[in-house]
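Worth knowing before you read on, the calculation uses all heavy atoms, side chains too, and leaves out hydrogens, waters and symmetry mates. Each chain gets a letter, A, B and so on, in the order the sequences are listed, and its residues count up from 1.
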Amino acid sequence: VSHYDAAHTCSDSHDDACAHAGSDAKHGLSRRDVLRCGAVVGLGLGSGVASLVPAFAQARAPDGTRSPVLVVVELAGGNDGLNTVVPHRHDVYRKLRPTLRLGRDVLRPLDDARGLHPALAGLHARFERGELAIVEGCGYPDPVRSHFSAQEFWHTARPHIAEPYGWLGRVADTWTDPDPLSVIAIGAAPPRAVAAASHAAVCFGAPDQLERRGARDTRDVYGRLIEDDAPAAAAPSDDASTPRDIASFVRETAQVASAASVRIRAAVEHYETAVSYGIETEAASLGRDLRGIAALLAADLPLRVAHVSMGGFDSHARQLQSHQLQLGYVDDALFGFARDLARLGRDQDVVVLVFTEFGRRVAENGSGGTDHGTATPVFVLGAPVRGGLYGAAPSLDALDAAGDPAPTTDFRRVYATLLDGWLDTDSVAVLGADHAPLPLLRRA
Amino acid sequence: LGRPSGSTSGGRLRLAAAGIAAAAIATLLGAPPAHAQRDAPRDGRDDPTPLAAADWTRAHAAHLLERAGFGGTPAEIDALAALGPVAAVRTLVRYPAQPAPNLPIFDASGVFPSDDFVPPPPGAARPHFVRAFFRGEALGASVERRTGPGWAQPIADQLLFFVVADAIESARAAAWQGERMLLTTRPLEEKLALFWHGHFATSNQKVRDHRKMLAQWDLFRARGNARLRDLVLGVARDPAMLLYLDGVENVRGAPNENFARELLELFTLGVGQYTQDDVSEAARAFTGWGLDGNAFHRAWWRHDKGRKTFLGRTARLDGTDVIDRILEEPACARFIAAKLYTFFVRPDPSPALIESHARTFRESGHDIAVLLEAMLLSRDFYSDATRGAHVKGPVELVVSTYRKMGLETMPGIPGFTPTTQSLGQRLYAPPNVAGWPGDRVWITPATLVLRQNFARYVLFPQERPLPRRRPIELVADIVGRDAFEQMEAMARRGDFSGAPTMPERASGLARVGAVGEGGAVDLARALYNGARKALRETRLDVPLPAELSVSAWVRSAGAHDAETAVDALASRFLSVPMRTSDRAALIAQLERSLAGRALFSDDADEADDAEERDGVKKGVDVADEDGMERMLREVLHLVLSLPEYQLS
């Protein structure tokens, strides 16, 4: 069981719960309902804010081509890679997983020795079409088994180093004058991956969280308070960090928030698609979030990098059922996203990266679950992807003292591939080292 | 905020060079360093010399209180202004000479049985099960040994109980820490603790014992203003730090370099001032520095007594010798001075300015109080380059908002810990050992809106969104909805005997080794039971909204119409003046709300006078018959939504 997740979240809502003890039941009104009402009311925006929406650059270049988009999907908690890409013939796998092992009869075949988890029907279809690259055995030297540290390492791409910025944030920092909506993260708090020195990602759990709360009749006034300085009033500046510049920076951020709030809510709340993303609940949030990304793309927002995350993979107990459900959610969401992109004619513009912070121990534990491990497969998928198996399966014949296989492929090679080959960004500059790319992309 | 036009960067460089040359000469002559720069810009930018008493104003006092503390009420600023610069700075910096503040102690829930009780760090549960196997009890729970599958379940339940209870207690302790910042009469003591918490960053996400975090902050308060050596030595022996950077694992023959590396890179010298060999040798010197229970303990048999070469010195070095050697490096004083300057003054000091303060620091024997006094008295600190150049961190924002309001208790709505966490700063949980990057990184579109909404919920607590669900339901996210509901049903029956999963083979001594990692127990059940018990046995702090009366502040400031009311609120809350156009817009907004009525009728004036005399303050639910309080709160929310409010 994830100590980190459990303890963290329980305490977070502790005082919330006390604050409104009983009020939930009394009103029979969920927070979602309350927020939804607020959002509907909030759509009646004053002209003051609406007029602030800058004419952002569209995602389309003058010649009609579009920027490549990278969508990063995090499976938080440590997805069990061995029961995702399954070496069903391996003796060690069969021996150490007496109740959890999956046999060839139920798996979806990748090659003679490996198969995908039965819940991954959509991913398997894409593998057969050559649109899913599976990079096996990903990790980094001296792997850690703490969620906290391992997630940090994957997000910053600098294992064992205290690095404040994320790898996607550092990409945004290389862009000249990026549109404010270039990097979007869906989640309660911005993931470390998008933390940047100069380009703030737009992050939200639900689009209405970007909305400043206030009385309706003060909205026009607020719109004026965050307008730019009149050119005459702007102080001359010979320094990057004068106080005036910082106030302008905060003011610009407020404008971005207002504009983003209007544009993102307009895009997401009115998005209609016939494509199913599977079950969408609090626990199965990936479908909802990927549909949100599709909505932003459909509205032609100038998105270049998106980050979404779904938890529930920390399967220390009774994994057989929970993993089946979780992977089913993921498969439905990813398959729906792909179909929706094709429907929108955007499937050639988008590559999806699916990662998790570590794999799980080869040997199952006594609770029908698995504990924190090391190497894990990474998925890269999309129409621009050259499908197949890459990297190398971790060797189950040489486990370390804890019972984990050594990673075979540094995960930063996957990042380098996407940086150089898809985002047209110098991977050495972003990663601080030269990591050999893998031939995962058709255009590379 | 205009600056003299002659202040170009070229000019600053020349001044800096002149400053270094003058200092070098002064050092050569053995004379006290003369920092005076006759041709320094008039507003004092880059000038480390003290502000003249004649230049001291109330605005300077407000700036000092904001940066060296968490701001204050108009009366507190008046009191500080009356002292003059030297005494004002001394009062703040030399706080040990001030009477100890009378602050509430942390109202611990008492879930940990005693002070020397050691809660389980994650991943190290096995000894508890081994102990339970042989002794029939562990972690305060007793078990029937080897009576069949699941015999160790009570131990696992207790383990998860402590983990969840500790998370709840650490959130409560963080709120209590915020309350200290709000109520203390020694604001710099708490501000320095916050600074050192970000510098010697330690996260309870790994330590898993909020009492160790509380003890670490006691260290920051006791030594945060003392000699750097005492502070660094204290941190090297601090139980939370020993766990966080794996000092407890650092033993002879198998050194763990985690602490040694960060000591050099992040705590004292900075990258480029040492080699990997220095890290390895320093790690050897710290071997054996570990814990006995909850206390520091040096185990001589784990200490590597061999010779080590660290930063060019070869001897049988111990950890203390390593720290002493580090302090001899001039880079150390520079590193600490720059870090303090960035936090307390401004993010972009020139190397010459830092060098000047580093020299003061070194010459004082690394006395932090001497360094702070020099920084907080300097003309640069009061210059236009500094005032308004600081982005308030989340904790600063929340606490200073409350202090400016003059609150006498920490409001529970919105909750302190969830609020600062949503803004990017949860106390006891920095993102990593480098602490919070700070400055512009605090401000993103989402956090800016959340900052504005924080102000909204302080002023309009009834608008706060309702929670989605009961806290216990968070367990469902981890164990799955079906397992959770099964356990809910068992809880309703009061019967947990029918375990969801309990493999028979996972019992007996042969399996004890696996127990700690989930062997003979059902961890899903343990989490449910543990969380349930933790939620039951930790104290519930009944959350109350802030008690405040915006009308009373506006009236006591002598405001009589929309214009003077807006000015009163801006003066009370803003460190950076608002733009003329914004002031006009706010005045117009209040005039529209007033719709021709007077700000205060005579009757209301008398009522407010009476209120003020009796010290009674209006809560938001108190009748606001003429709607005046609501109107003023709307205007204040706009003031607190200004981009300028994020700066100090």
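- Your options are Ala526(B), Ala175(B), Gly530(B), Pro445(B), and the one with the most heavy-atom pairs under 4.5 Å with chain A is Pro445(B).
- By the side chain to side chain donor-acceptor pair (under 3.5 Å) test, His637(B) is found to be paired with Arg212(A), Arg456(B), residues two or more places apart in sequence or in another chain being considered.
- The environment of Leu325(A) atom CG is dense: over 12 non-hydrogen atoms of other residues, nucleotides or ligands sit within 6.0 angstrom.
- Taking the side chain as every heavy atom from C-beta outward, Val221(A) and Arg592(B) approach each other to under 4.5 Å.
- Residues that satisfy the ring-ring contact (aromatic ring centres under 6.0 Å, His included) test with Tyr165(A), not counting sequence neighbours, are absent from this structure.
- In terms of heavy-atom proximity, Thr253(A) sits nearest to Thr444(B) at CG2-C, 3.4 Å.
- Under a 3.5 Å cut-off, the side chain of Arg192(A) and the backbone N or O of Pro431(B) do form a donor-acceptor pair.
- No other option in Pro164(A), Gly214(A), Ala200(A) has as many heavy-atom pairs under 4.5 Å with chain B as Gly214(A).
- Note that CG of Asp582(B) and CD1 of Ile226(A) are 10.5 Å apart. Values are rounded to the nearest 0.5 Å.
- Of all the listed residues (Thr370(A), Thr218(A), Asp217(A)), the one sharing the greatest number of non-hydrogen pairs under 4.5 Å with chain B is Thr218(A).
- Arg251(A) places a side-chain heavy atom less than 4.5 Å from the side chain of Arg579(B).
- Side-chain atoms of Leu586(B) and Leu225(A), non-hydrogen and from C-beta on, do get closer than 4.5 Å to each other.
- Proximity to chain A is absent for every atom of Thr447(B), based on heavy atoms less than 4.5 angstrom apart.
- Within the model, atoms CG of Asp220(A) and CD of Gln589(B) stand 9.0 Å from one another, a figure rounded to the nearest 0.5 Å.
- Note: Glu634(B) leads Glu265(B), Gln646(B), Glu463(B), Glu634(B) in heavy-atom pairs under 4.5 Å with chain A.
- Contact between Val433(B) and Ala162(A) at its shortest, heavy atoms only, is CG1-CB, 3.7 Å.
- Only the backbone of Glu163(A) comes within contact range of chain B, judged by heavy atoms closer than 4.5 Å.
- Interface residue Leu448(B): only side-chain heavy atoms are found under 4.5 Å from chain A.
- In this structure, the side chains of Arg213(A) and Phe460(B) stay at 4.5 Å or more apart for every pair of heavy atoms.
- Residue Val391(B) comes nearest to Ile246(A) through the heavy atom pair CG2-CG2, 4.0 Å, listed as atom of the first residue, atom of the second, then distance.
- Only the side chain of Leu642(B) has a heavy atom closer than 4.5 Å to any heavy atom of chain A.
- Only the backbone of Ala196(A) comes within less than 4.5 Å of a heavy atom in chain B; its side chain stays farther off.
- Using a 4.5 Å cut-off between heavy atoms, Ala201(A) touches chain B through its backbone atoms (N, CA, C, O) alone.
- If you measure heavy-atom distances from Leu423(B) to chain A, you find no contacts under 4.5 Å at all.
- Residue Ala257(A) comes nearest to Val449(B) through the heavy atom pair CB-CG2, 3.6 Å, listed as atom of the first residue, atom of the second, then distance.
- Ser422(B) does not touch chain A: none of its heavy atoms, backbone or side chain, sits under 4.5 Å away.
- Panel note: side chain Asn432(B), backbone Ile161(A); no donor-acceptor pair is recorded below 3.5 Å.
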